[in-house]
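All residue numbers refer to positions in the sequence shown, counting from 1. Just the heavy atoms: all of them, side chains too, but no hydrogens, waters or symmetry mates, feed the values below.
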Amino acid sequence: MHRSKEQPLDRSITSSPQPSSPSPSGSTGSSDFLQLNVADAPPGGRADWLARELRRAIADGRLPVGSRLPATRTLAADLRVSRGVVTEAYQRLTEDGQLAGRGRGGTIVVAAPVTVATPDTSTTATRPTTAGTPRTPPYASAAPIPPHPFTAPPGPEIFDELRAAPARIDLSPGVPDLAAFPRAAWLRAERAVLADLPAAGMGYGDPRGTPALRQAVAHWLARNRGIRVDPDEVLIVAGTSQALGLIAQVLHRHGDPAIAVEDPGSLGVRQHLQYWQVATPPIPVDDDGLCVDALRASGARAVLLTPAHQFPTGVVLGGPRRRELMQWASAGGLIVEDDYDAEHRYDRAPVPALRSLLPDQVCYVGSVSKLLAPALRVGWLLAPSRYRKALADAKRFADLGNSALPQLVLARLMESGELERRLRLLRRRHRRRRDAMIAAIDAHLPGATVHGAAAGLHLTITFDQCGTAPCDTDLAAAALARGVKVHPLSWHRQRPGRPGLVLGYAARTPGDITEGMALLADALTVRP
């Protein structure tokens, strides 16, 4: 009895929210979702109208990436249209790469549009979808490219902006294969740590790091990098970036307001140092690494470099240059050694760390960001004795030390041999992906020159043999418009130099890499 009386009342509430709404016989529907009203749709064009409204909501942020759309049945019932209208609109945005079905998880927004359609598309070359809705015009069309991360010189937020930019194939350098994170091994180690951890272990600890991890790092460096260090000399930090920030602060207080850097060299590293009011005079890099003569001429008393696999060129600091650098350091200079990519090598013998040769003049920095994941934010810093206390104090007053639990889990993985096993696995996988990228460059970009392919997680290509060399920021923008994310080489230069791109391969499958190079070739061929 109750149900028979309540059903008419429910229908009047949901389908007739306004007293003046049309009667069911000729009614139009509306929805709280995006305040949609099917009365706004042109006759015979309801799917077009709904697809357009969804695109507009994704573009202006009302439907951010990760948003879940209503079920097709639910939205169709609200709008009083057939379910096929909603299904067709969702399908069009799925084909455009903006939506994706997640089974029981529903339909999710997975990408915002890279470009925004202009009102007048009469002169724009478009490729119609099966439903007749024009796709976003390609880079080569007459439509203007809207603002993107490459429109202006890179500022402090540039890497956040680039990470947020939607792309189907992300070839950004410095990203490991995050899908290969050893979740099962991590969970086993975490359970073992929690089972053995006394109550006191959950309190405040040594800001320099847990004794277990400092010992594990000392053992790891001795086995893999030839560095002999006492655990008490190890300072655990929140990744390489924090280590560089602590070094910059301490050197600045000691009267060293400049740290020379490689050129080309990492834009991100340069930004970190400059944030702490440290000047970064550029020192050129050639095929043998850092030019020590130029370092002497600069007058800088400290230099930061990546000797095992220089970023971004990939060159190794040669033997004669190492000896020159050691002589410079022995005369009072300080070397900050970022051991970037040292473990990831494929076609060459290991290169000894500078710290193993001249410990009293080298600040050594390493992390597990490229071995496990950047999200762990765990690294280590070895400093000459004269800076050790000042750096430990700077760490103490920065954050009282890293979180203890991840340190203890990582220590167990290091001491058990799990990290070495993972490194062997990654080397095989990265070699295959590196080979796939080189083959794809040979096939699609035969005029490009490849640099630094013997090690690391990235390689660099330059275009000096491609006739009129392209502007690498324009090329990166063209690639992004096609769904491929790369770094322009000019971002990592302080002085003029050859244009090029820095391409990461560790996080993508060989198929993705091959497709990305084909799209990059297309962008290069039809650039304005």
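For Y90, there are no ring pair (Phe, Tyr, Trp, His ring centres under 6.0 Å) partners two or more places apart in sequence or in a different chain. With sequence neighbours left out, the salt bridge (charged side-chain N to carboxylate O under 4.0 Å, His left out) criterion links D341 to no other residue. Annotation: ring pair (Phe, Tyr, Trp, His ring centres under 6.0 Å) contacts of H344 (sequence neighbours excluded): H430. For E53, the salt bridge (charged side-chain N to carboxylate O under 4.0 Å, His left out) partners at least two apart in sequence or on another chain are R56.
A salt bridge is absent between R432 and D435; no separation between the charged side-chain nitrogens and carboxylate oxygens falls under 4.0 Å.
The closest donor-acceptor contact from the side chain of R431 to the backbone of Y346 lies under 3.5 Å. Remark: side-chain polar atoms of Q494 are paired, donor with acceptor, to backbone N or O of T280 under 3.5 angstrom. The closest donor-acceptor contact from the side chain of E337 to the backbone of T306 lies at 3.5 Å or more, if one exists at all. The closest donor-acceptor contact from the side chain of D206 to the backbone of R208 lies under 3.5 Å.
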The test is salt bridge (charged side-chain N to carboxylate O under 4.0 Å, His left out); show your working for R508 and D170 and say whether it passes.
CA-CA 8 Å; R508 308 306 305 186; D170 189 349; over 6 Å; no
Go through D522 and R482 one step at a time and tell me if the salt bridge (charged side-chain N to carboxylate O under 4.0 Å, His left out) criterion holds.
CA-CA 9 Å; D522 183 51; R482 286 164 167 74; 2.8 Å; yes
R168/D512 under salt bridge (charged side-chain N to carboxylate O under 4.0 Å, His left out): CA gap, chis, key distance, verdict:
CA-CA 9 Å; R168 203 161 44 83; D512 286 343; 5.8 Å; no
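To the nearest 0.5 Å, the span separating CD on E343 from CG on L457 amounts to 10.0 Å.
Between the side chains of R377 and S241, at least one donor N or O sits under 3.5 Å from an acceptor N or O. At a cut-off of 3.5 Å, with distance as the only test, a side-chain donor of T313 or Q310 sits close to an acceptor on the other residue. A side-chain donor from one of D472 and S490 sits under 3.5 Å from a side-chain acceptor of the other.
Within the 4.5 Å cutoff, no side-chain heavy atoms of E418 are placed close to those of W186. I158 has its side chain within reach of W491: a pair of non-hydrogen atoms, C-beta onward, lies under 4.5 Å apart. Within the 4.5 Å cutoff, no side-chain heavy atoms of V365 are placed close to those of Y340. Within the 4.5 Å cutoff, side-chain heavy atoms of L475 are placed close to those of L520.
Each side chain to side chain donor-acceptor pair (under 3.5 Å) pair with one or both residues in residues 100-112, not counting sequence neighbours, would appear here, but there are none. Among residue pairs with one or both ends in residues 398-414, those qualifying as salt bridge (Lys or Arg N to Asp or Glu O under 4.0 Å) are D196-R412, K395-D399; sequence neighbours excluded.
Within a 6.0 Å radius of CZ in R228, no more than 12 heavy atoms belonging to other residues, nucleotides or ligands are found. Atom CZ of R73 has 12 or fewer heavy atoms from other residues, nucleotides or ligands within 6.0 Å. Other residues, nucleotides and ligands contribute at most 12 non-hydrogen atoms within 6.0 Å of the CG atom of D32. Other residues, nucleotides and ligands contribute over 12 non-hydrogen atoms within 6.0 Å of the CG atom of D60.
V502 pairs with exactly one of S172, S266, P173 by the side-chain contact (heavy atoms from CB on, under 4.5 Å) rule, that one being P173.
Classified by interplanar angle (parallel below 30°, tilted 30° to 60°, perpendicular above 60°), the ring pair H487/H492 is parallel.
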